[in-house]
Amino acid sequence: MSDKGYNVGYGRPPRETQFQKGQSGNPKGRPRKKGTVELDLDQVLDQHVRVKSLGGSKKMDTREAALRMQVAKALKGNIQAAKHVLKQFEKYDAITPPRSKIQTGVVIAPRASFIKPERDS
């Protein structure tokens, strides 16, 4: 059982069956993933889909359908959808935020004639 001071046993295989230095126990390695499908976002968004509405079905691109769905959710009270729709409208200049009636800046008050400057005595 002794081969030059080496005991063969549990967790200690014979030296001739051990992996050689520089050689992996899994030479082929882990198999690679099967090819991933890369999606072209513009291609997906430009596809036309048929959408049912009150007047029948209508064909539109995916972008328009998604935006219409967001608008419908916003009108039902979904705050996140409303924020998204408003951001999109602002991004593409579809709407402009209302201007404030209060103007900021320097206020110039007219000089009152009844106020007399104090004089040093």
Side-chain angles (χ1 to χ4, degrees):
M1 219 167 160
S2 177
D3 185 297
K4 298 181 185 175
Y6 180 76
N7 293 328
V8 176
Y10 181 75
R12 298 183 61 99
R15 290 209 188 258
E16 59 272 2
T17 63
Q18 292 179 0
F19 297 126
Q20 301 299 315
K21 288 194 184 263
Q23 183 181 3
S24 168
N26 186 8
K28 290 183 180 179
R30 185 174 136 235
R32 293 183 182 260
K33 278 184 171 180
K34 300 291 181 187
T36 59
V37 179
E38 292 184 17
L39 296 176
D40 182 13
L41 187 59
D42 284 331
Q43 183 182 6
V44 171
L45 292 176
D46 287 338
Q47 287 179 348
H48 284 77
V49 293
R50 189 163 296 280
V51 178
K52 293 181 183 178
S53 63
L54 296 175
S57 64
K58 185 177 178 183
K59 202 171 187 183
M60 62 181 74
D61 65 354
T62 310
R63 284 185 179 108
E64 183 181 354
L67 186 59
R68 285 180 183 268
M69 284 176 56
Q70 289 293 324
V71 169
K73 287 179 183 179
L75 291 174
K76 288 181 181 178
N78 186 328
I79 301 298
Q80 294 297 324
K83 285 180 183 178
H84 177 74
V85 168
L86 289 175
K87 281 183 185 178
Q88 292 300 312
F89 284 167
E90 287 177 2
K91 181 178 178 181
Y92 294 107
D93 292 330
I95 60 170
T96 56
R99 297 187 81 187
S100 175
K101 293 181 181 179
I102 301 171
Q103 294 181 355
T104 60
V106 178
V107 176
I108 301 174
R111 186 172 185 158
S113 59
F114 60 87
I115 299 176
K116 295 185 179 182
E118 292 181 23
R119 295 191 182 162
D120 292 333
S121 21

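Here, residue 1 is the first one in the sequence, and each next residue gets the next number.
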Restricting to side chain to side chain contact (heavy atoms under 4.5 Å, CB included), what partner residues turn up for [X], sequence neighbours left out?
| X | answer |
| --- | --- |
| Gln43 | Asp40 |
| Thr17 | Pro13, Pro14 |
| Arg68 | Lys58, Met60, Glu64 |
| Leu75 | Val71 |

Can you pull the side-chain hydrogen bond (donor to acceptor under 3.5 Å, both in side chains) pairs that have at least one residue in residues 73-85, sequence neighbours excluded?
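Non-adjacent pairs meeting side-chain hydrogen bond (donor to acceptor under 3.5 Å, both in side chains): zero.
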Cluster question for you: counting only ILVMFWY and a side-chain heavy-atom cut-off of under 4.5 Å, with indirect links fine, are Leu67 and Val51 together?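 Different clusters: Leu67 never reaches Val51 through Ile, Leu, Val, Met, Phe, Trp or Tyr contacts under 4.5 Å.
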Results of side-chain hydrogen bond (donor to acceptor under 3.5 Å, both in side chains) for Asp46 - residues two or more places apart only:
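For Asp46 the side-chain hydrogen bond (donor to acceptor under 3.5 Å, both in side chains) partners, ignoring immediate neighbours, are Arg63.
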